[in-house]
Amino acid sequence: MQINMKIGVTHDQLESLIVNDVRRRAHCDGFKAISFYRTAEIPGTNWVPASVNYGKAGSVVCDAALREIIPRMQREYDLIGG
């Protein structure tokens, strides 16, 4: 039996984790922000991205980074708080 222990984080903490991860990617250092909303619709996670602010970063390369980062973060973190 596998126990899935996720780390609970606030919206601001989750945003910071994702933004910092995206900014480490080539051509994404100008990435500004991402927001989320809670959901019970997707098995295995309680949040999904709502909007993205690319700032001066390239949207194509940052989208590619987000396609890798978001599923990983959804496996590791649950959104807590209001």
Q. If you round to the nearest 0.5 Å, how far is CD1 of I69 from CD1 of I18?
A. 7.5 Å
Q. Do K6 side-chain atoms and L79 backbone N/O form a donor-acceptor pair below 3.5 Å?
A. no
Q) If you group Ile, Leu, Val, Met, Phe, Trp and Tyr by side-chain heavy-atom gaps below 4.5 Å, do I80 and L14 land in one group? A) no
**Q.** Donor-acceptor pair, side chain of W47 and main chain of H11, under 3.5 angstrom
**A.** no
Q: Ignoring hydrogens and angles, tell me if any N or O in the side chain of D21 forms a donor-acceptor pair with the backbone of L17 under 3.5 Å.
A: no
Q.
Test side chain to side chain contact (heavy atoms under 4.5 Å, CB included) on T45 and M73; report intermediate values, then the result.
A. CA-CA 9 Å; T45 188; M73 295 285 185; over 6 Å; no
Q. What heavy-atom pair brings A26 and V61 nearest, and what distance separates the two atoms?
A. O-CG2, 3.9 Å
Q) Counting only N and O atoms by type, is there a donor-acceptor contact under 3.5 Å from the side chain of R25 to the main-chain atoms of C62? A) no
Q) Is there a path from I42 to Y37 through hydrophobic residues (I, L, V, M, F, W, Y) whose side chains come within less than 4.5 Å of each other? A) yes
Q | Test item: E15 side-chain N/O and S35 main-chain N/O as donor-acceptor pair under 3.5 Å | A | no
Q | Spacing of CG belonging to D29 relative to NE2 belonging to H27, to within rounding of 0.5 Å | A | 9.5 Å
Q. Should F36 and I7 be counted in the same cluster of Ile, Leu, Val, Met, Phe, Trp and Tyr side chains packed under 4.5 Å apart?
A. yes
Q.
Run F31 and L66 through side chain to side chain contact (heavy atoms under 4.5 Å, CB included) and show every step you take.
A. CA-CA 11 Å; F31 187 81; L66 288 167; 4.2 Å; yes
Q) Does the pair I34 and V22 meet the rule for a side chain to side chain contact (heavy atoms under 4.5 Å, CB included), with working shown? A) CA-CA 10 Å; I34 186 167; V22 172; over 6 Å; no
